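Note that these values count all heavy atoms, side chains included, but never hydrogens, waters or copies made by symmetry. Because the structure is a prediction, the values reported are computed rather than measured.
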Amino acid sequence: MGSTSTSSSSKISCFQCEETSSSFDHFRNGWRLRSGEFAQLCPRCASIYEEGKFCEAFHSNDDGWRDCESCGKLVHCGCIVSFNAYLLLDFGGVICMECSRINFALARSRCLFLEGQPDITRQTVIEPQYRPRSSEVEVQQISRNFDCVVTPLFEKLLSATDADLKLARLIIPKKCAEAFFPDISEPRGFLLKIQDTEGMDWDFNYRYWINGGSKMYILEGLRDFMISKRWQAGDTGP
């Protein structure tokens with residue numbers, strides 16, 4: 001790839017094809033460089049970049065192409081051009097931003113649906129040890145902070161496995177997962193964006209495995225979240 005340059009005659013060149021011009025208006029911003037500036041692209045190269053086909057057009061023979069874990073589409077992870085086109089998954093692999101947005105929309109739709117259901121925690125039969133114990137005052141305060149209706153779904157006494165930073169995962173009670181979480185059909189699961197009570201967004205992988213003929217549901221990639229919340233075995237979460 002070329003580089004942005006300025007000559008003694010104040011000409012600049014396209015970062016990709018090195019077409020030169022003395023007019024800065026001739027170029028458009030591309031991706032952000034490590035210097036903090038934007039790569040300057042000629043109209044042709046800028047159009048290819050804006051259409052999301054830059055790597056496909058110029059890097060097709062380069063290394064760093066991987067499959068999206070959700071849709072299987074090839075994603076180039078080998079250069080700075082494409083760093084904002086995918087997410088690295090904590091359990092390995094990548095997911096393209098389009099699939100990430102779709103998964104987030106599905107999860108949000110599910111949450112909005114649950115918020116509209118009256119007394120959902122009483123309608124769904126949950127084992128007593130998983131029933132939410134948040135006080136009405138606490139729930140109302142969180143609802144005011146986020147200007148929305150908050151419905152506590154479940155609580156769980158964290159086991160040693162749940163609090164293990166090496167595993168960095170949370171086993172979700174089966175009935176709670178099937179009642180409150182998005183439907184899941186593939187064992188490898190999908191990316192799920194969750195907002196905590198402080199308004200911070202977290203990206204976890206939601207999946208399941210089969211144990212004794214029954215599904216076990218888990219959230220993976222919780223290491224940073226666990227450190228932030230200082231999770232310990234015996235604590236109540238999430």
Side-chain angles (χ1 to χ4, degrees), residues 31-32 34 36 64 66-71 75-80 82-112 114 130 132-134 138-139 141-143 145-146 148 150-174 176-177 180-182 184 186-209 215-238:
W31 56 92
R32 188 181 291 276
R34 290 184 175 88
R66 303 171 70 180
D67 295 339
C68 170
E69 291 290 332
S70 183
C71 68
V75 181
H76 187 227
C77 307
C79 70
I80 195 172
S82 56
F83 79 97
N84 61 348
Y86 63 90
L87 290 175
L88 294 174
L89 300 175
D90 289 312
F91 63 95
V94 300
I95 185 172
C96 67
M97 290 303 296
E98 182 179 359
C99 288
S100 177
R101 285 191 290 267
I102 291 173
N103 290 342
F104 175 67
L106 290 173
R108 180 170 175 77
S109 296
R110 173 71 171 171
C111 290
L112 291 175
L114 292 175
Y130 301 131
R133 294 172 177 80
S134 303
E138 292 173 328
V139 174
Q141 182 60 52
I142 296 172
S143 297
N145 290 344
F146 293 95
C148 66
V150 174
T151 302
L153 303 182
F154 73 95
E155 291 184 6
K156 178 185 180 184
L157 192 67
L158 299 179
S159 65
T161 300
D162 292 325
D164 189 333
L165 286 176
K166 292 182 179 179
L167 296 176
R169 71 188 185 202
L170 174 69
I171 298 176
I172 305 170
K174 186 173 187 293
C176 298
F180 305 131
F181 281 67
I184 182 172
E186 292 292 331
R188 65 183 180 183
F190 50 80
L191 196 67
L192 195 63
K193 187 178 290 291
I194 295 178
Q195 188 177 73
D196 64 22
T197 55
E198 297 173 354
M200 187 169 181
D201 291 329
W202 302 88
D203 292 321
F204 304 138
N205 188 63
Y206 176 52
R207 63 182 295 260
Y208 72 86
W209 69 66
K215 289 182 178 179
M216 289 189 65
Y217 299 90
I218 60 172
L219 285 178
E220 294 179 319
L222 275 71
R223 180 179 172 81
D224 290 342
F225 177 82
M226 292 164 65
I227 293 174
S228 173
K229 304 303 179 184
R230 299 180 181 180
W231 269 13
Q232 300 289 332
D235 291 346
T236 299

**Report entry** Side-chain heavy atoms of Trp231 within contact of Leu170, under 4.5 Å
**Finding:**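 Answer yes - side chains close enough.
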Query raised in the report: If we only count heavy atoms from C-beta on, is the Leu158 to Gln232 side-chain gap below 4.5 Å?
Result: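 No, too far: nothing below the 4.5 Å cut-off.
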Rounded distance (nearest 0.5 Å) linking atom [atom1] of [X] with atom [atom2] of [Y]:
| X | Y | atom1 | atom2 | answer |
| --- | --- | --- | --- | --- |
| Arg169 | Leu222 | CZ | CG | 11.0 Å |
| Leu191 | Tyr206 | CG | OH | 13.5 Å |
| Tyr208 | Ile184 | OH | CD1 | 6.5 Å |
| Phe181 | Leu219 | CZ | CG | 5.0 Å |
| Arg223 | Lys166 | CZ | NZ | 10.0 Å |

Closest heavy-atom contact between [X] and [Y]?
| X | Y | answer |
| --- | --- | --- |
| Met226 | Asp162 | CE-O, 3.4 Å |
| Asp203 | Lys193 | OD1-NZ, 2.9 Å |
| Asn205 | Gly189 | OD1-C, 4.2 Å |

Can you name the residues that form a side chain to side chain donor-acceptor pair (under 3.5 Å) with [X], not counting sequence neighbours?
| X | value |
| --- | --- |
| Thr161 | none |
| Tyr217 | Glu178 |
| Trp209 | none |
| Lys215 | none |

Query raised in the report: Excluding sequence neighbours, so at least two apart, what forms side-chain contact (heavy atoms from CB on, under 4.5 Å) with Asp67?
Result: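 Counting only residues at least two positions away or on another chain, Asp67 forms a side-chain contact (heavy atoms from CB on, under 4.5 Å) with Leu74.
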Requested in this report: With sequence neighbours excluded, tell me which residues meet side-chain contact (heavy atoms from CB on, under 4.5 Å) with Ala163.
Outcome: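 So Ala163 forms a side-chain contact (heavy atoms from CB on, under 4.5 Å) with Ala233.
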